[in-house]
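Every heavy atom of this structure was used, including side-chain atoms; hydrogens, water molecules and symmetry mates were not. Predicted model, so just to flag it, every value in this text is computed and none were measured. The first residue in the sequence is number 1, and the count goes up from there.
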Amino acid sequence: TVLEGDMFSPISETYDLIITNPPYLPNEKHDPDVALDGGENGWEWIERFLPQARRFLNENGTVLLLFSTRTNEEKVRSLIEENNYATIDLARKSVGLCEELIVVELSPI
């Protein structure tokens, strides 16, 4: 099934696992790329996603979230904490001179 909408708008079911590779980079005004543009600072999409995601998780459900150190790792971790998720770091990979990709598992607490 393919659904089109803004974030969770077309969804009514709940899930055991939500996996997201969201747009997570700060927007590039001179060369915008909607697939990567996470907002002015890069974390705005994640800020919208986190409070909504828990409503679509089954009991004991989890979220796998990928983000970049260019997104401001401290801010993303702060948003995760503010939205009451327990975090397990699953993977971290360098993808250039000054960027790492991070995958975390989130569980509502």
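Side-chain contact between Pro108 and Asn84 is absent, with no heavy-atom pair separated by less than 4.5 Å. With contacts defined as side-chain heavy-atom distances shorter than 4.5 Å, the pair Arg48/Asp6 qualifies. The shortest side-chain heavy-atom distance between Thr69 and Ile102 falls under the 4.5 Å cut-off. The closest side-chain heavy-atom distance from Val76 to Asn72 is not below 4.5 Å.
More than 12 heavy-atom neighbours from other residues, nucleotides or ligands sit within 6.0 angstrom of CD on Glu99.
Atoms CD1 and CD, on Ile80 and Glu47 in that order, are 12.5 Å from each other to the nearest 0.5 Å. If you take OG1 on Thr87 and CD1 on Ile109, they are separated by 8.0 Å, rounding to the nearest 0.5 Å. In this structure, OG1 in Thr1 is found 11.0 Å from CD1 in Ile11, a value given to the nearest 0.5 Å. Going from atom CG of Leu17 over to atom CD of Glu105 covers 8.5 Å, rounded to the nearest 0.5 Å. Note that the CZ atom of Phe67 and the CG atom of Leu79 stand 10.0 Å from one another [nearest 0.5 Å]. Within the model, atoms CH2 of Trp43 and NZ of Lys75 stand 4.0 Å from one another, a figure rounded to the nearest 0.5 Å.
Geometrically, Arg54 engages Tyr85 in a cation-pi contact defined by less than 6.0 Å to the ring centre and at most 45° from the axis.
A salt bridge links Glu73 to Arg77: one of the charged nitrogens lies within less than 4.0 Å of a carboxylate oxygen.
Ile18 approaches Ala53 most closely through the heavy-atom pair CD1-O, 3.9 Å. The nearest pair of heavy atoms linking Ser68 to Leu101 is CB-CD2, 4.0 Å. When all heavy atoms of Pro51 and Asn83 are compared, the pair lying nearest together is CB-OD1, 3.4 Å.
Residues Phe49 and Leu3 fall within the same hydrophobic cluster, defined by Ile, Leu, Val, Met, Phe, Trp and Tyr side chains chained together at heavy-atom separations under 4.5 Å.
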Trace of the side chain to side chain contact (heavy atoms under 4.5 Å, CB included) decision for Lys93 with Glu100: CA-CA 5 Å; Lys93 181 176 180 169; Glu100 291 180 300; over 6 Å; no
For a side chain to side chain contact (heavy atoms under 4.5 Å, CB included) check, start with the C-alpha distance between Trp45 and Leu50, then their side-chain angles and the critical distance, and finish with the verdict. CA-CA 9 Å; Trp45 191 96; Leu50 290 172; over 6 Å; no
Output side-chain donor-acceptor pairs under 3.5 Å for residues 58-66, partner residues at least two apart or in another chain, one line each.
unit_1 : atom_1 : unit_2 : atom_2 : d
Asn58  : OD1    : Thr14  : OG1    : 2.3
Asn58  : ND2    : Asp16  : OD1    : 2.9

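Residues meeting the side-chain hydrogen bond (donor to acceptor under 3.5 Å, both in side chains) test with Ser78, sequence neighbours left out: Glu82.
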